[in-house]
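Contents: one structure, followed by commentary.
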Amino acid sequence: MPELPEVEATRRGLLPTVVGAKVAALNVYDARLRWPVPRDLPRTVAGRRVDAIDRRGKYLLFRFGKDTLIVHLGMTGSLTLHAAAPARRKHDHVDLVLSGGGTVRFHDPRRFGAFLWHPAGETAHPLLADLGPEPFDPAFCAAGLKDALRGRRAAIKTLLMDARLVVGVGNIYAAEALFRAGIRPATAAGRVSTARLERLVHCVREVLAESIARGGTTLRDYVGAGGEPGGFQHETRVYGREGLPCRVCGATIRGVRLGQRASAYCPNCQKR
DNA sequence: ACTGGCTCCTGAGGGC
DNA sequence: TGCCCTCAGGAGCCAG
């Protein structure tokens with residue numbers, strides 16, 4: 001599932017070929033994504049040069065001067081780079097064709113992804129306006145978290161996945177970071193001490209960095225820009241391991257549902 | 001102000 | 001073999 005590491009791996013894979021290239025065409029085969037792809041988007045981007053590809057949380061931001069093409073991979077989306085556009089498979093919804101040759105293809109079985117246009121302006125796009133700090137930014141810190149979580153009774157895991165507190169952390173990495181930090185996912189967020197939040201911040205960064213280094217996590221659909229799967233799924237210690245022995249202590253990994261999300265934890269390594 | 005629940009969508013897997 | 005149910009999950013949205 002595309003969380004921050006998968007989006008970042010995709011971004012890095014696209015950079016060398018796409019940045020500096022001109023858009024020859026944008027072909028939309030199915031506009032029914034999370035929000036409809038704007039009808040005039042192909043005309044809007046045609047002939048324009050990609051100056052940069054940035055990432056904010058799980059959003060990819062293709063910069064055209066001061067205008068931005070916002071792309072989200074949703075749950076099952078991928079962007080892959082091809083020298084020439086290959087035959088279309090089921091669920092191939094958008095092609096970004098580069099004038100120097102090369103095609104970036106958007107594939108997304110569940111169509112939870114998005115292609116949106118945000119022209120230059122003073123206001124941030126509504127989807128980006130309320131996002132919290134990047135996990136590797138110093139603004140993501142125990143003191144800030146302590147403040148934001150004060151008095152909150154929701155599960156720490158649920159809030160760790162709330163993009164207003166920190167971006168990029170989804171179900172897999174929330175579970176893995178909490179395991180490493182020794183914190184139970186169901187613990188009320190407001191009751192986690194600053195010292196433990198300190199550890200959590202460190203573990204979030206550690207898990208994300210390791211996953212980026214392995215090209216992300218591939219459970220089913222995700223592939224990087226070169227079509228290659230990630231490798232972090234072999235490193236998970238609790239995610240998807242309910243009923244199996246903990247890799248650290250041997251206790252049986254348990255599962256609990258928090259905010260409609262499956263959440264795995266080790267009852268021995270994560271005491272509270 | 002929070003919190004939990006619903007929703008979009010497709011495909012896989014389990015039970016019978 | 002086939003049908004139906006549940007689950008997977010990013011994140012907006014809404015009701016209480």
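What you see below is based on every heavy atom in this structure, not just the backbone, and it leaves out hydrogens, waters and symmetry mates.
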Going by side chain to side chain donor-acceptor pair (under 3.5 Å), name the residues that satisfy it together with A/D137, two or more places apart in sequence or in a different chain.
none
Who else is in the cluster with A/W35 when I, L, V, M, F, W and Y are joined by side-chain contacts under 4.5 Å?
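The other cluster members (ILVMFWY side chains, heavy atoms under 4.5 Å, direct or chained) are A/Y59, A/L61, A/I70, A/L116, A/L127, A/L128, A/L131, A/V167.
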Using only modelled atom types and a 3.5 angstrom limit, is any donor from either the side chain of A/R261 or the base of C/dG10 paired with an acceptor on the other?
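Looking at the base of C/dG10, it does pair with a donor or acceptor on the side chain of A/R261 (distance under 3.5 Å).
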For A/F179 together with A/Y265, are the ring centres under 6.0 Å from each other?
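When the ring centroids of A/Y265 and A/F179 are compared, they turn out to be at least 6.0 Å apart.
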Proximity of A/W117 and A/F62 rings by center, below 6.0 Å
no
When we call it a touch if two heavy atoms are under 4.0 Å apart, what does A/A262 touch: a base, just sugar-phosphate, or nothing?
sugar-phosphate
Need one value for A/R257: base, sugar-phosphate or nothing, where a base atom within 4.0 Å counts as base even if backbone is also close, heavy atoms only.
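Sugar-phosphate contact only - A/R257 comes under 4.0 Å of backbone atoms but never of a base.
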Picking from B/dC9, C/dG12, B/dT3, which would you name as closest to the side chain of A/F112?
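Of the candidates, B/dC9 comes closest.
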I want to verify a distance call: between C/dG10, B/dC9, C/dA11, whose nearest atom is closest to the A/R111 side chain?
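Nearest listed nucleotide: B/dC9.
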Does A/R150 make a side-chain N or O approach to OP1 or OP2 of B/dA1 shorter than 4.0 Å?
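Answer is no, no contact under 4.0 Å.
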Any A/H91 side-chain N or O less than 4.0 Å from OP1/OP2 of B/dT10
no
Contact nearer the 5' end of DNA chain B, comparing A/K90 with A/R34:
A/R34
Interatomic distance where CZ belongs to A/R110 and P belongs to B/dC9 [whole Å]
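After rounding, the gap between these two atoms is 13 Å.
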